[in-house]
Amino acid sequence: ALLYLDEGKPDLAYGQIDALLDDNPLASEALYARALVSARARSDYIGLTTLEQIPVEDRSADHEQLQNQLWRRYQLSRVEQMMQRGDRNNAAALAERIRTQAGDQAHARMVHASALAVTGQTGAAIEAAREALALEPAPAVGLQLEYASVLLQAGESDTLDEMLARLES
């Protein structure tokens with residue numbers, strides 16, 4: 001299915017997974033495969049709703065990791081869509097809900113920072129991004145790249161250049 005998706009044939013990709021699910025609609029691994037295809041296709045909402053169909057007792061750490069990734073991307077896309085419609089108040093309110101739901105998860109907190117940047121709250125975004133980085137004793141490259149994205153959105157090119165130079169070394 002992922003090969004079909006990589007070839008630009010999402011209908012065939014989903015068709016492969018749906019054929020598996022036709023035989024057993026609650027097959028946890030087939031549902032997980034459908035969620036993976038959705039994640040690769042950037043269909044985050046479909047991926048989330050698919051993962052929710054997997055019985056709790058059948059969920060693995062991989063399932064939860066994918067769910068967290070999809071949740072983060074979906075929430076940020078919702079903020080971006082609200083801003084594109086000119087709905088800044090609801091976008092800012094959603095950014096604050098993201099913070100509440102993020103807890104102490106560094107990547108989720110970085111989504112909050114990105115949401116703040118999208119809503120034009122650049123100072124708060126940079127502060128939130130630094131707080132997210134501080135949650136990890138040795139932030140992974142992925143988290144640092146998310147921080148770089150916040151810096152870029154906030155127009156902090158000098159800080160961004162310094163951070164990217166540190167990553168290169």
If you link ILVMFWY side chains whenever their heavy atoms are less than 4.5 Å apart, which other residues fall into the same cluster as Leu116? By chain and number, please.
->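 Same cluster as Leu116: nobody, lone residue.
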For Leu164, side chain to side chain contact (heavy atoms under 4.5 Å, CB included) partners two or more places apart |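 Leu164 satisfies side chain to side chain contact (heavy atoms under 4.5 Å, CB included) with Ala148, Leu160, Leu167 only.
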Can you tell me if Glu146 uses its side chain to pair, donor with acceptor, with the backbone of Val111 under 3.5 Å?
->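 Judged by distance alone, no pair lies under 3.5 Å.
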hydrophobic_cluster_shared for [Y] and [X], side chain cutoff 4.5 Å:
X	Y	answer
Met82	Trp71	yes
Leu70	Leu76	yes
Leu135	Ile126	no
Val141	Leu151	yes
Leu143	Leu152	yes

Excluding sequence neighbours, so at least two apart, what forms salt bridge (Lys or Arg N to Asp or Glu O under 4.0 Å) with Arg40?
->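 Testing Arg40 for salt bridge (Lys or Arg N to Asp or Glu O under 4.0 Å), a comparison that skips the adjacent residues, returns Asp6.
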Under the salt bridge (Lys or Arg N to Asp or Glu O under 4.0 Å) rule, collect the residues that match up with Glu7, sequence neighbours excluded.
->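 Counting only residues at least two positions away or on another chain, Glu7 forms a salt bridge (Lys or Arg N to Asp or Glu O under 4.0 Å) with Lys9.
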Any salt bridge (charged side-chain N to carboxylate O under 4.0 Å, His left out) involving residues 83-107? Give me the pairs, sequence neighbours left out, ordered by first then second residue.
->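 For residues 83-107: Asp104-Arg109.
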Going by the salt bridge (charged side-chain N to carboxylate O under 4.0 Å, His left out) test, which pairs reach into residues 59-82, not counting sequence neighbours?
->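 Every pair satisfying salt bridge (charged side-chain N to carboxylate O under 4.0 Å, His left out) with a residue in residues 59-82: Asp44-Arg73.
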Spacing of [atom1] belonging to [X] relative to [atom2] belonging to [Y], to within rounding of 0.5 Å:
X	Y	atom1	atom2	answer
Arg166	Asp161	CZ	CG	11.0 Å
Leu21	Gln16	CG	CD	11.5 Å
Ile98	Met110	CD1	CE	13.5 Å

For residues 149-160, pull every pair meeting side-chain hydrogen bond (donor to acceptor under 3.5 Å, both in side chains), keeping only residues two or more places apart or in separate chains.
->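 For residues 149-160: none.
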Enumerate the residue pairs fulfilling side-chain hydrogen bond (donor to acceptor under 3.5 Å, both in side chains) with a member in residues 117-130, sequence neighbours excluded, ordered by first and then second residue.
->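 Counting only pairs at least two positions apart or across chains, the side-chain hydrogen bond (donor to acceptor under 3.5 Å, both in side chains) contacts touching residues 117-130 are Thr119-Gln121, Arg130-Tyr147.
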Do other residues, nucleotides or ligands put more than 12 heavy atoms under 6.0 Å from the OH atom of Tyr74?
->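 Enclosed.
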Contact summary for Ala129 and Ala113, nearest pair of heavy atoms =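 Residues Ala129 and Ala113, closest heavy atoms: N-CB, 3.5 Å.
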Distance-minimising heavy-atom pair for Ala95 and Ala115 |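 For Ala95 versus Ala115, the nearest heavy atoms are CB-CB, 3.7 Å.
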Go through the structure and list residues passing side-chain hydrogen bond (donor to acceptor under 3.5 Å, both in side chains) with Ser28, not counting sequence neighbours.
->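 Listed in chain order: Asp58.
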Side-chain polar contacts of residues 30-38 - donor-acceptor pairs under 3.5 angstrom, sequence neighbours left out - could you list them?
{"from": "Arg34", "atom 1": "NE", "to": "Asp18", "atom 2": "OD1", "distance (Å)": "3.1"}
{"from": "Ser38", "atom 1": "OG", "to": "Tyr14", "atom 2": "OH", "distance (Å)": "3.1"}
{"from": "Ser38", "atom 1": "OG", "to": "Arg34", "atom 2": "O", "distance (Å)": "3.0"}

Residues 46-56, side-chain donor-acceptor partners within the protein, below 3.5 Å, at least two apart:
{"from": "Thr49", "atom 1": "OG1", "to": "Tyr45", "atom 2": "O", "distance (Å)": "3.2"}
{"from": "Thr49", "atom 1": "OG1", "to": "Ile46", "atom 2": "O", "distance (Å)": "3.0"}
{"from": "Thr50", "atom 1": "OG1", "to": "Ile46", "atom 2": "O", "distance (Å)": "2.7"}
{"from": "Gln53", "atom 1": "NE2", "to": "Thr49", "atom 2": "O", "distance (Å)": "3.4"}

